[in-house]
Amino acid sequence: EIRLSLVGSEMCIRDRVSTQSTGGRGWVLLGYCAPGTITIQRCEHSGADELASHLEDNQMQYALMRLQDGEIKKDIFIRWVGPTMNNIEKAKKNEHLHSIQQLLHPYSVELLVLNKKRFNEQNVLNKISFSGSKKID
């Protein structure tokens, strides 16, 4: 079972709702504060380049990001798997994926990010042209 810790995060959640309702761009980043406990780590009104700077090599993190490409707005679920995570931790945290997807739903595109250096605005825009699951490796 996954627990969500929202202590001190109420403003970030309101900010995220406001961003999505006004059509702006931005993201909310979630990560583990204890085994089996997810918390909001950061919330910004910026794009993929800024989000990439907050991805930790030793963590699995999740984000909901809104980007706009011309007239089209996309909400993107992002799963980051840090390259230095050990395989046992990856397996344990993969069990939480469905619960976190439900928490951050609705979104139109799911993106698995394995390479922080290639995670940038242009690569994301290239990947999100169709709905479904994508990978940046």
Side-chain angles (χ1 to χ4, degrees):
E1 179 183 339
I2 187 87
R3 292 177 306 280
L4 180 63
S5 172
L6 297 177
V7 176
S9 301
E10 294 83 6
M11 186 61 78
C12 186
I13 293 169
R14 275 191 235 113
D15 213 24
R16 174 190 166 269
V17 170
S18 171
T19 296
Q20 289 193 335
S21 65
T22 60
R25 69 188 248 183
W27 48 264
V28 59
L29 179 65
L30 284 72
Y32 292 85
C33 60
T37 304
I38 290 285
T39 189
I40 295 173
Q41 294 178 329
R42 194 149 184 104
C43 193
E44 297 278 339
H45 292 288
S46 58
D49 299 330
E50 177 69 18
L51 174 56
S53 71
H54 298 285
L55 300 176
E56 299 292 333
D57 287 347
N58 63 346
Q59 292 185 29
M60 186 175 291
Q61 293 167 289
Y62 312 90
L64 184 63
M65 179 171 59
R66 172 170 278 188
L67 286 181
Q68 187 164 345
D69 185 17
E71 296 292 315
I72 299 170
K73 295 174 189 155
K74 292 272 187 168
D75 291 329
I76 307 154
F77 172 79
I78 296 163
R79 179 168 54 124
W80 162 251
V81 180
T84 62
M85 280 191 69
N86 83 36
N87 289 333
I88 293 171
E89 282 301 307
K90 284 181 196 177
K92 287 179 183 176
K93 291 178 179 175
N94 276 334
E95 294 177 8
H96 304 151
L97 180 60
H98 182 70
S99 297
I100 295 166
Q101 288 170 321
Q102 288 181 317
L103 175 71
L104 296 177
H105 198 75
Y107 52 85
S108 54
V109 179
E110 182 178 325
L111 189 60
L112 171 62
V113 179
L114 301 172
N115 185 332
K116 183 173 13 181
K117 292 177 184 169
R118 297 190 62 201
F119 180 64
N120 58 53
E121 198 97 1
Q122 190 56 53
N123 283 341
V124 172
L125 289 172
N126 290 341
K127 295 280 185 183
I128 67 169
S129 56
F130 301 100
S131 295
S133 296
K134 314 288 184 210
K135 179 163 86 172
I136 293 178
D137 52 3

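All residue numbers refer to positions in the sequence shown, counting from 1. Being a predicted model, the structure only gives us computed values, none of them experimental.
To the nearest 0.5 Å, atoms SG (C43) and NE2 (H45) are separated by 6.5 Å. From H105, atom NE2 reaches atom CG of L64 across 10.5 Å, with rounding to the nearest 0.5 Å. In this structure, the separation between SG on C33 and CD1 on I40 is 11.0 Å, given to the nearest 0.5 Å. Here the CG-CD1 distance, from L125 to I76, works out to 7.5 Å after rounding to the nearest 0.5 Å. Taking CD1 of I100 as the start and CD1 of I38 as the end, the distance is 4.0 Å to the nearest 0.5 Å.
A 4.5 Å side-chain heavy-atom check between L111 and F77 finds every atom pair outside the cut-off. Side-chain atoms of K74 and L67, non-hydrogen and from C-beta on, never get closer than 4.5 Å to each other. The side-chain heavy atoms of Y107 and Q101, taken from C-beta on, include a pair separated by under 4.5 Å.
For G47 against W27, the heavy-atom pair with the smallest separation is O-NE1, 3.3 Å. For the residue pair M60 and V81, the shortest heavy atom distance occurs at CE-CG2, 4.0 Å. Across W80 and L114, no two heavy atoms sit closer than the pair CZ3-C, 3.8 Å. Taking each heavy atom of D75 and P106 in turn, the nearest pair found is CB-O, 4.2 Å.
Residues meeting the side chain to side chain donor-acceptor pair (under 3.5 Å) test with K116, sequence neighbours left out: D57. For N86, the side chain to side chain contact (heavy atoms under 4.5 Å, CB included) partners are I88, E89, not counting sequence neighbours. Under the side chain to side chain contact (heavy atoms under 4.5 Å, CB included) criterion, A63 pairs with L29, L51, I78, not counting sequence neighbours. Under the side chain to side chain donor-acceptor pair (under 3.5 Å) criterion, N87 pairs with no residue, sequence neighbours left out. Shown here are the side chain to side chain contact (heavy atoms under 4.5 Å, CB included) partners of Q59, two or more places apart in sequence or in another chain: Q41, E56, Q61. Remark: S53 engages E50 in a side chain to side chain contact (heavy atoms under 4.5 Å, CB included) (not counting sequence neighbours).
Using modelled atom types, one finds no donor on one side chain facing an acceptor on the other under 3.5 Å when comparing H96 with Y62.
When atom types are taken as modelled, the side chain of N94 and the backbone of K90 share a donor-acceptor pair closer than 3.5 angstrom. Between the E121 side chain and the A48 main chain, a donor and an acceptor come within less than 3.5 Å of each other.
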